[in-house]
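Scroll down for the structure; my scribbles are underneath it.
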Amino acid sequence: MNSPRLSNGSLASHDHPARLQLADGRVENFYASDVFTLRVMQQRLPKDVFKRLQRTIVHGDRLEPDLADVVAAAMKDWAVEHGATHYTHWFQPLTGLTAEKHDAFIVPDGSGGVLSEFSGSALVQGEPDASSFPSGGIRATFEARGYTAWDCTSPVFLTRNAGAVTLCIPTAFVSWTGEALDHKTPLLRSMDAVSEQAMRILKIFGNASGVTRVMSTAGPEQEYFLIDKEYYFKRQDLIACERTLFGARPPKGQQLEDHYFGSIPTRVMAFMSETERELYRLGVPVKTRHNEVAPGQFELAPIFETANVAADHQMLVMEVLKRVAPRHGLMCIMHEKPFAGINGSGKHVNWSMATNTGVNLLDPRAETHNNLQFLTCLCAVIRAVDLHADLLRSAVASASNDHRLGANEAPPAIISIFLGDMLADIINQIEKGATKSTMKRGTMDLGTKTLPLLPRDTGDRNRTSPFAFTGNKFEFRAVGSSQAVAWPITVLNTIAADSLDYLATQLEKSLGNNPSEAKLRDTVLSLLQKTVKQHKRVIFNGDGYDKAWHEEAEKKRGLRNLRSSVDALQTIADKKNIDVFRKFKVMSKIELESREHIYLEKYIKQVTIEAETAVLMARTQILPAAIRQQKELADAVAATEAADVEPGDLRQQLADFAELVSRFRVAIDTLEQAGETDAHEPLAHAKHIHGKVIPAMLELRKLADTLETHISTDLWPLPTYREMLTIK
């Protein structure tokens with residue numbers, strides 16, 4: 001297993017794994033027995049084999065085929081000792097989930113018996129059926145062959161489910177013709193691209209000695225909701241769509257903000273503790289847990305790791321959260337906006353670049369104004385985000401994330417960069433032509449001798465920024481909670497590689513061989529000044545929710561506001577985006593176009609399922625309840641009149657309610673008809689969904705939520721927000 005990469009770029013030691021105190025009092029090693037770590041490999045492999053494999057894992061050398069049989073034998077023995085009977089190539093197709101096909105270790109021996117065997121070829125390559133996975137037109141349905149290829153830089157691990165133990169081998173997944181059909185393959189290619197270009201920057205500044213590779217690193221935080229299992233299975237919308245399509249606002253939502261960082265409920269703590277234990281066994285370095293802002297919402301955050309390992313571990317985090325919750329009578333919901341009117345969930349991806357020797361290239365350090373290497377990397381990121389803001393927006397586009405972006409808990413769809421006061425000041429100095437000082441950290445006196453003086457950072461944090469610098473990394477806050485993070489990281493790596501390449505090329509041309517220190521500084525600052533002037537429009541340190549910012553961004557700065565996913569997704573295969581992916585061999589034109597096709601189709605299918613579920617629930621659950629309520633009102637009016645008493649307002653109440661029910665019937669029919677279209681091409685169909693179906697869903701919901709507040713509790717057929725959002 002690759003060592004977890006901390007936020008400062010340092011490496012945790014496998015020789016001395018951390019011992020962690022768990023919530024139940026037990027102490028466990030951080031690197032538990034269900035991961036085939038480098039340390040385990042070193043113990044089980046011949047010395048020369050281990051060293052050659054380590055060069056691939058640590059330095060990015062190509063995997064040598066003759067190693068496979070030796071490694072496979074050791075891996076199989078280790079897995080069997082831990083109870084494994086099967087192995088699987090574990091991969092990430094473009095469904096947004098993981099996939100696996102299990103094969104037993106046993107093979108016929110030719111004499112009526114069986115042998116336990118796991119060959120090098122079985123380790124390195126598998127052949128799952130590719131016909132039913134999304135390909136975006138790359139492969140026809142009848143063209144079924146696909147290949148999985150071992151990613152030896154990501155740790156092999158064991159899963160335990162219903163008494164079965166399975167050896168899981170992280171792999172890439174490609175078609176018979178070699179195009180990527182997964183998230184892993186482009187991610188690994190993008191990591192090679194950013195490494196190659198960042199190495200050029202290190203060489204320019206004379207810091208490449210002993211460095212063989214620069215790795216993109218990531219730490220994806222995970223927000224999620226928990227609700228009682230009984231409520232979940234009484235809601236067809238949660239089962240089919242992972243979000244509530246109806247639900248009136250409760251009297252107490254998150255107005256008091258008393259859930260945020262509050263005391264964790266006992267049942268939730270038990271769930272969190274078991275989740276952490278399972279993740280520790282899998283080598284997933286989770287660190288932080290807490291209540292989030294919305295009632296019933298929580299967060300889990302890891303330590304930094306190499307990007308592909310972080311992406312694999314993030315998929316495991318989601319799987320384990322989902323698997324453990326029912327054991328505690330709960331269901332875990334990853335949807336970005338499962339409940340209207342309260343905060344949704346994101347997956348903030350903290351991203352940086354670090355050398356294999358442990359140096360974080362985005363760590364400003366002291367005297368930042370003189371740290372030209374850092375400033376070059378910083379300006380490369382600024383340039384990348386400005387030139388490819390549309391790609392970053394498309395990387396987080398989905399029907400579910402559209403409900404969240406721009407709301408109170410999420411950044412707007414306008415992509416901008418927050419730098420903080422210290423870096424903003426240095427960027428201003430660069431624009432003026434010279435860097436002279438670095439804003440210093442201060443201290444805070446809290447006004448009493450019993451409290452310590454606190455160090456004060458040089459700038460505040462900005463929760464409204466989609467892409468914010470947070471001390472020694474960037475936080476991509478726009479990523480959705482249900483999303484696989486490999487694609488956003490792939491985009492970040494690729495556009496960063498492009499700008500690093502641009503700056504390195506300009507500097508190499510201007511500096512020549514062995515430049516003096518003065519010439520190096522003057523040349524670098526001159527180029528950075530030009531870069532800042534060209535791309536500073538994307539820097540914004542203010543309130544991203546402010547309407548004035550939206551007007552300034554669009555009209556004065558020329559920044560795009562791709563409000564819907566349909567707007568964003570159709571930019572993926574624009575020529576400039578195809579060019580940048582093709583330039584660094586991350587994705588071909590056909591691979592990129594397939595992504596646009598797949599993501600648009602997913603948008604269409606997701607909203608269509610929601611619309612059909614809404615019609616079904618409205619017609620078979622809510623409307624019958626409304627009719628019963630109407631009948632009770634009518635009976636009350638009739639009984640009052642039979643008693644020779646004037647019903648007064650009761651008759652008007654019946655008339656108003658009957659009119660509301662009538663409008664609800666019409667809204668059901670309208671939504672059902674809105675789904676009908678002759679559009680078959682994905683973009684046209686998605687535009688129809690966005691323009692016709694979603695507004696009809698919103699109107700139906702508005703009427704349903706009004707009905708909920710007028711129908712007797714004993715008649716209302718669905719668990720309400722008042723019930724579901726109270727987790728105890």
Side-chain angles (χ1 to χ4, degrees), residues 23 219-229 231-232 238 242-244 247 249-250 252-276 279 284 286-303 314 317-318 320-322 324-325 328-350 396 398 400-412 461-466 468 470 475-483 485 544-545 721-728:
E221 304 165 15
Q222 178 69 63
E223 295 175 343
Y224 58 92
F225 278 85
L226 293 172
I227 70 166
D228 191 277
K229 185 163 62 172
Y231 293 145
Y232 179 90
L238 283 176
E242 269 233 326
R243 79 176 181 100
T244 54
R249 183 179 65 84
K252 182 180 183 295
Q254 64 184 58
Q255 302 98 315
L256 300 178
E257 298 182 341
D258 53 346
H259 189 257
Y260 192 49
F261 279 25
S263 176
I264 300 173
T266 301
R267 182 159 57 139
V268 176
M269 179 63 82
F271 156 77
M272 288 179 169
S273 180
E274 184 174 356
T275 296
E276 288 173 355
L279 289 172
V284 181
V286 291
K287 179 177 177 62
T288 303
R289 64 186 181 209
H290 63 83
N291 290 4
E292 255 300 333
V293 176
Q297 187 185 35
F298 306 91
E299 181 175 312
L300 176 153
I303 300 172
Q314 168 54 210
V317 164
M318 291 195 289
V320 171
L321 285 168
K322 288 275 192 183
V324 172
H328 299 269
L330 301 167
M331 296 300 288
C332 181
I333 301 175
M334 303 287 181
H335 193 285
E336 282 76 3
K337 198 78 169 181
F339 302 100
I342 63 173
N343 279 17
S345 297
K347 186 178 291 179
H348 305 161
V349 176
N350 298 281
V396 299
S398 69
S400 51
N401 211 18
D402 275 359
H403 295 285
R404 167 181 167 267
L405 289 180
N408 285 342
E409 76 286 3
R461 296 185 66 183
N462 189 327
R463 64 193 295 268
T464 69
S465 175
T470 56
E475 183 181 34
F476 193 10
R477 295 178 55 86
V479 182
S481 55
S482 68
Q483 187 173 1
V485 299
Y545 297 157
Y721 278 25
R722 298 190 306 276
E723 297 165 315
M724 291 187 292
L725 291 173
T726 304
I727 299 297
K728 298 295 183 185

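The first residue of the sequence shown is numbered 1, and numbering continues consecutively from there. It should be emphasised that the depicted structure is a prediction, and the values quoted were computed from it without experimental measurement.
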ask   = Where do Thr244 and Met724 land on the side chain to side chain contact (heavy atoms under 4.5 Å, CB included) test, with the steps shown first?
value = CA-CA 11 Å; Thr244 54; Met724 291 187 292; 4.0 Å; yes
query = Does the side chain to side chain contact (heavy atoms under 4.5 Å, CB included) test come out yes or no for Val284 and Val320, once each step is laid out?
reply = CA-CA 11 Å; Val284 181; Val320 171; over 6 Å; no
query = Step by step, would you call His335 with Ser481 a side chain to side chain contact (heavy atoms under 4.5 Å, CB included)?
reply = CA-CA 6 Å; His335 193 285; Ser481 55; 5.8 Å; no
key: Intermediate values then yes/no, side chain to side chain contact (heavy atoms under 4.5 Å, CB included), Asn350 and Glu221   = CA-CA 8 Å; Asn350 298 281; Glu221 304 165 15; 3.1 Å; yes
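For the pair Met334/Leu321, a side-chain contact is recorded, criterion being any heavy-atom separation below 4.5 Å from C-beta on. You'll find the side chain of Asp228 reaches within 4.5 Å of the side chain of Arg267, heavy atoms only. Between Met272 and Val268, the closest side-chain pair of non-hydrogen atoms falls below 4.5 Å. The shortest side-chain heavy-atom distance between Asn401 and Ser482 does not fall under the 4.5 Å cut-off. Annotation: side chain of Val286 is not in contact with side chain of Thr275 (no heavy-atom distance under 4.5 Å).
We find the NZ-CE distance between Lys229 and Met331 to be 7.5 Å, quoted to the nearest 0.5 Å. Expressed to the nearest 0.5 Å, how far CD of Glu242 lies from OH of Tyr232 amounts to 5.5 Å. Note that the CG atom of Leu300 and the CD atom of Gln314 stand 8.5 Å from one another [nearest 0.5 Å]. Expressed to the nearest 0.5 Å, how far NZ of Lys337 lies from CZ of Arg243 amounts to 10.5 Å. Atoms OG and CZ, on Ser273 and Arg289 in that order, are 6.5 Å from each other to the nearest 0.5 Å.
Taking the six-membered ring where the residue is Trp, His328 and Phe271 present perpendicular rings, their angle passing 60° and hence far from 30°.
A pairwise comparison of heavy atoms in Thr464 and Gly544 identifies OG1-N, 2.8 Å as the closest pair. The two atoms that bring Pro220 and Pro302 nearest to each other are O-CD, 3.1 Å, heavy atoms only. When all heavy atoms of Ala294 and Ile342 are compared, the pair lying nearest together is CB-CD1, 3.8 Å. When all heavy atoms are compared, the tightest approach of Cys332 to Ala325 is N-CB, 3.8 Å. The two residues Phe225 and Pro338 have their closest heavy-atom pair at CD1-CG, 3.4 Å. Of all heavy-atom pairs between Val396 and Gln483, the closest is CA-OE1, 3.7 Å.
Side-chain contact annotation: Asn343 with Glu292, donor-acceptor N/O pair under 3.5 Å absent.
Looking only at distances, a side-chain donor or acceptor of Tyr721 sits under 3.5 Å from a matching main-chain atom of Ala340.
Test Glu336, Glu223, Gln297 against Ser345 for side chain to side chain donor-acceptor pair (under 3.5 Å) and you get one pass: Gln297.
The side chain to side chain contact (heavy atoms under 4.5 Å, CB included) test applied to Arg249 returns Gln255, not counting sequence neighbours.
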